[in-house]
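Here the structure comes first, spelled out in structure tokens, and everything after it is commentary.
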Amino acid sequence: CCRLALRFSQNFSSLMSICNRADSATIPSLRQCSNVACNLNLPHILKRNFRILLSYIVGIFISYRLISTANHEDLFASLGNIFYGIIWLVTILIVLFFDNKEFKETKKWLSFLATFISIIIFTGYLFIFNNIKYNDKAPSLIYCVTKISDFNGISIDFRKDGTYKLTSWGLGAEIYRGKFTIKDSIITVDKSQIENNIISSRFVIRQDGDIDSIGRQEKSIYQIDQQGKVINQSADFRVIENWKNK
């Protein structure tokens, strides 16, 4: 029994020494592989995160600028929109180039995450912009312009879908949009002051304008207070009967 126990102890010691030598050879190799993997993935992750951040910031900022200037029209605004559009397009192309480069090295579709974010933001911008333009094509119910108009003036398009588009023009044009209700001859809009000439949220339609070419009396629109009285020295409008949205 003693001899068997001694032999077992010697064999167990030999086995443990072999395992220790194997561990000492394996662990450094595993650490080396881990370091190599980190060295390969970390730069890609950092660069990808930078492209994601760049796509998000540029996309959100430029889309906000383009949408906000949709209510302002002049030469400088148009040139600014072209400039922002070019910057956005160049940014998307640069991000796509480096995303594709990373994909060729890693073979992972996650490499195109920044490009995907750019496309999502751009698609959202197109949806909002097209929605604004689509609403502007709604058929007109009443269209009126200020009676005194030269280089400056205001037009209001009250549309059949319950929305209005007010355009104040001068050297450029400022556009205001909102909703309105109409009951009999009273029009009520959702804002009580727009620019300096619209100082009431209530308007009244009266047939007291000039006589047109076919002998029909034109309609006028006046701003009124809460008691229904016409507000003196406020902008009044004449209705264009044959107005059609293009």
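The figures that follow rest on heavy atoms only: side chains count, while hydrogens, waters and symmetry mates do not. Values in this document were obtained by computation on a predicted structure and should not be read as measured data. Residue numbers start at 1 and run along the sequence shown.
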How long is the gap from [atom1] on [X] to [atom2] on [Y], to the nearest 0.5 Å?
| X | Y | atom1 | atom2 | value |
| --- | --- | --- | --- | --- |
| Thr146 | Trp169 | OG1 | CH2 | 4.5 Å |
| Ile240 | Ser140 | CD1 | OG | 10.5 Å |
| Ile198 | Ser168 | CD1 | OG | 8.5 Å |
| Phe112 | Leu96 | CZ | CG | 6.5 Å |
| Ile117 | Ile92 | CD1 | CD1 | 12.0 Å |
| Ser201 | Gln193 | OG | CD | 11.0 Å |

Does a side chain donor of either Glu102 or Ser111 reach within less than 3.5 Å of an acceptor in the other side chain? yes
Polar side chain donor-acceptor pair, Ser220 to Lys147, under 3.5 angstrom: yes
Passing option when Thr115 is tested against Leu93, Val95, Ile52 for side chain to side chain contact (heavy atoms under 4.5 Å, CB included): Val95
Which one of Ile156, Leu166, Ile154 satisfies the side chain to side chain contact (heavy atoms under 4.5 Å, CB included) criterion with Tyr176? Leu166
Working note: Ile182 + Ile142, criterion side-chain contact (heavy atoms from CB on, under 4.5 Å); need CA distance, chi angles, decisive distance, verdict. CA-CA 11 Å; Ile182 182 169; Ile142 300 172; 4.1 Å; yes
Could you tell me which non-hydrogen atom of [X] sits nearest to which non-hydrogen atom of [Y], and how far apart they are?
| X | Y | answer |
| --- | --- | --- |
| Ser55 | Ala114 | OG-O, 3.5 Å |
| Arg177 | Lys191 | O-NZ, 3.1 Å |
| Arg206 | Val230 | NH1-CG2, 3.6 Å |
| Ser234 | Ile199 | CB-CD1, 4.0 Å |

Mind telling me whether [Y] and [X] have parallel, tilted or perpendicular rings, with 30° and 60° as the class edges?
| X | Y | answer |
| --- | --- | --- |
| Phe158 | Tyr164 | tilted |
| Phe203 | Phe237 | perpendicular |
| Tyr84 | Phe61 | perpendicular |

Candidate list Trp88, Tyr56, Phe129, test ring-ring contact (aromatic ring centres under 6.0 Å, His included), partner Phe122, passing option: Trp88
Between [X] (side chain only) and [Y] (backbone N and O only), is there a donor and an acceptor less than 3.5 Å apart?
| X | Y | result |
| --- | --- | --- |
| Thr167 | Ser155 | no |
| Arg202 | Asp225 | yes |
| Asp190 | Gly178 | no |
| Lys47 | Asp99 | no |

Where do Ile94 and Arg51 land on the side-chain contact (heavy atoms from CB on, under 4.5 Å) test, with the steps shown first? CA-CA 9 Å; Ile94 291 174; Arg51 294 196 302 272; over 6 Å; no
Does a sphere of radius 6.0 Å around [atom1] in [X] hold more than 12 heavy atoms from other residues, nucleotides or ligands, not counting ones at 6.0 Å or beyond?
| X | atom1 | result |
| --- | --- | --- |
| Phe98 | CZ | no |
| Lys179 | NZ | no |
| Phe116 | CZ | no |
| Tyr222 | OH | yes |

What about [X] and [Y], same hydrophobic cluster or not, with Ile/Leu/Val/Met/Phe/Trp/Tyr joined at side-chain heavy-atom distances under 4.5 Å?
| X | Y | answer |
| --- | --- | --- |
| Val58 | Ile60 | yes |
| Ile67 | Phe83 | yes |
| Ile86 | Phe97 | yes |

CA sep, side-chain torsions, deciding dist, call: Asn131, Ile128, side-chain contact (heavy atoms from CB on, under 4.5 Å): CA-CA 5 Å; Asn131 187 56; Ile128 296 174; 5.6 Å; no
Under the side-chain contact (heavy atoms from CB on, under 4.5 Å) rule, what do Ile62 and Ile121 come out as? Steps first, then yes or no, please. CA-CA 10 Å; Ile62 294 182; Ile121 295 175; over 6 Å; no
Do Val145 and Arg238 come within less than 4.5 Å of each other through their side chains, counting heavy atoms only? yes
